[in-house]
Peer 1: 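Here you go, one structure.
Counting begins at 1 with the first residue of the sequence. Note that the structure is a prediction, hence the values are computed from the model and not measured.
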Amino acid sequence: MAAKLVVTTLFGVAMGLISQLICFAAAKVILGARDVAIGFGHPGENLSAFVGQVVLCGLFTLAGFGLGSMLRQPAGAIPTLLLWPLIGEGVIGSLVIVSIWGTDSRAFKWLPFTAGLSLPSIGDRGTQALSRVGAGIYFGVFVSILVAIGWYLVERRDA
């Protein structure tokens with residue numbers, strides 16, 4: 001399990017890094033061909049968003065590892081990992097959080113995938129989001145819990 005965890009994490013981080021570099025190179029070529037000046041705004045913020053995206057890819061891969069270990073079926077883990085951040089948290093946010101605390105609620109930032117998806121964001125996130133580091137830690141703890149539960153279940157089920 002430990003070897004699978006390491007390989008899975010490294011693969012997710014590598015794919016995140018490679019995809020970011022390819023997107024950056026493609027954008028530079030396309031914008032250069034159209035004579036669009038490539039302004040990077042605040043280079044430190046862009047770099048931290050770049051790193052945040054790579055970290056998010058690694059954490060999402062670990063979340064998939066944890067869910068796959070819990071459910072034992074990729075056919076269940078993949079849709080859950082894809083649909084929960086897109087639909088599940090939106091439904092919870094709309095039905096539960098808004099109905100209890102209202103639309104100006106700061107509770108949205110505590111939904112785990114919402115926090116994780118703010119890692120690569122650029123610009124003022126306001127009070128509706130955790131800081132980049134806080135979001136990374138919060139999402140990392142959530143993913144660690146998924147991995148720990150999955151690991152426990154695999155050890156318990158398999159001889």
Peer 1: Can you tell me how far the CH2 atom of Trp151 sits from the NZ atom of Lys4, to the nearest 0.5 Å?
Peer 2: 10.5 Å
Peer 1: Is there a side chain to side chain contact (heavy atoms under 4.5 Å, CB included) between Thr61 and Val13? Walk through the geometry before answering.
Peer 2: CA-CA 8 Å; Thr61 306; Val13 168; over 6 Å; no
Peer 1: One pair to check against side chain to side chain contact (heavy atoms under 4.5 Å, CB included): Phe65 and Met1. What are the steps and the verdict?
Peer 2: CA-CA 10 Å; Phe65 178 83; Met1 284 295 287; 3.7 Å; yes
Peer 1: What pair of heavy atoms forms the shortest contact from Pro112 to Phe139, and how long is it?
Peer 2: O-CD1, 3.1 Å
Peer 1: When clusters are formed by joining ILVMFWY residues with side-chain heavy atoms under 4.5 Å apart, either directly or through shared neighbours, do Phe24 and Ile30 land in the same one?
Peer 2: no
Peer 1: When you look at Leu17 and Phe50, which way does the side chain to side chain contact (heavy atoms under 4.5 Å, CB included) test go after all the steps?
Peer 2: CA-CA 9 Å; Leu17 182 62; Phe50 183 92; 3.8 Å; yes
Peer 1: Answer with yes or no whether the hydrophobic clustering places Ile87 together with Leu82; edges join I, L, V, M, F, W, Y residues whose side-chain heavy atoms lie under 4.5 Å apart.
Peer 2: no
Peer 1: Please answer: with hydrophobic residues joined when any side-chain heavy atoms are less than 4.5 Å apart, are Leu119 and Val141 in the same cluster?
Peer 2: yes
Peer 1: How long is the span from the OG atom in Ser69 to the CG atom in Leu62, to the nearest 0.5 Å?
Peer 2: 10.5 Å
Peer 1: Do Leu59 and Thr9 come close enough that some side-chain heavy atom pair is under 4.5 Å?
Peer 2: no
Peer 1: Could you pull out the closest heavy-atom pair between Leu81 and Ala63, with the gap in Å?
Peer 2: CD1-CB, 3.8 Å
Peer 1: Test your reading of the model: is there a side-chain donor-acceptor pair from Arg157 to the backbone of Arg72, 3.5 Å cut-off?
Peer 2: no
Peer 1: State plainly whether one hydrophobic cluster holds both Leu56 and Met15, where clusters connect Ile, Leu, Val, Met, Phe, Trp and Tyr through side-chain heavy atoms under 4.5 angstrom apart.
Peer 2: no
Peer 1: Say you draw a straight line from OG1 of Thr80 to CG of Leu67; how long is it, rounded to the nearest 0.5 Å?
Peer 2: 6.0 Å
Peer 1: Looking at Thr8 and Leu5, would you say the former's side chain and the latter's main chain have a donor-acceptor pair under 3.5 Å?
Peer 2: no
Peer 1: Which atom pair, heavy atoms only, marks the closest approach of Ala49 to Ser121?
Peer 2: CB-O, 4.1 Å
Peer 1: Is Phe60 reachable from Ile18 through a run of hydrophobic residues whose side-chain heavy atoms are each under 4.5 Å from the next?
Peer 2: no
Peer 1: Taking Ser131 for the side chain and Gly134 for the main chain, is one N or O donor matched with an acceptor at less than 3.5 Å?
Peer 2: yes
Peer 1: Arg132 and Ser118: which non-hydrogen atoms are nearest, and at how many Å?
Peer 2: NH1-O, 4.2 Å
Peer 1: Could you check whether any side-chain N or O of Glu89 sits under 3.5 Å from a backbone N or O of Phe113, counting only pairs where one atom can act as donor and the other as acceptor?
Peer 2: yes
Peer 1: What's the separation between atom CD in Gln53 and atom SG in Cys23, rounded to the nearest 0.5 Å?
Peer 2: 9.0 Å
Peer 1: Quick check: closest heavy atoms across Gly116 and Pro120, and the distance to 0.1 Å?
Peer 2: O-CD, 4.0 Å
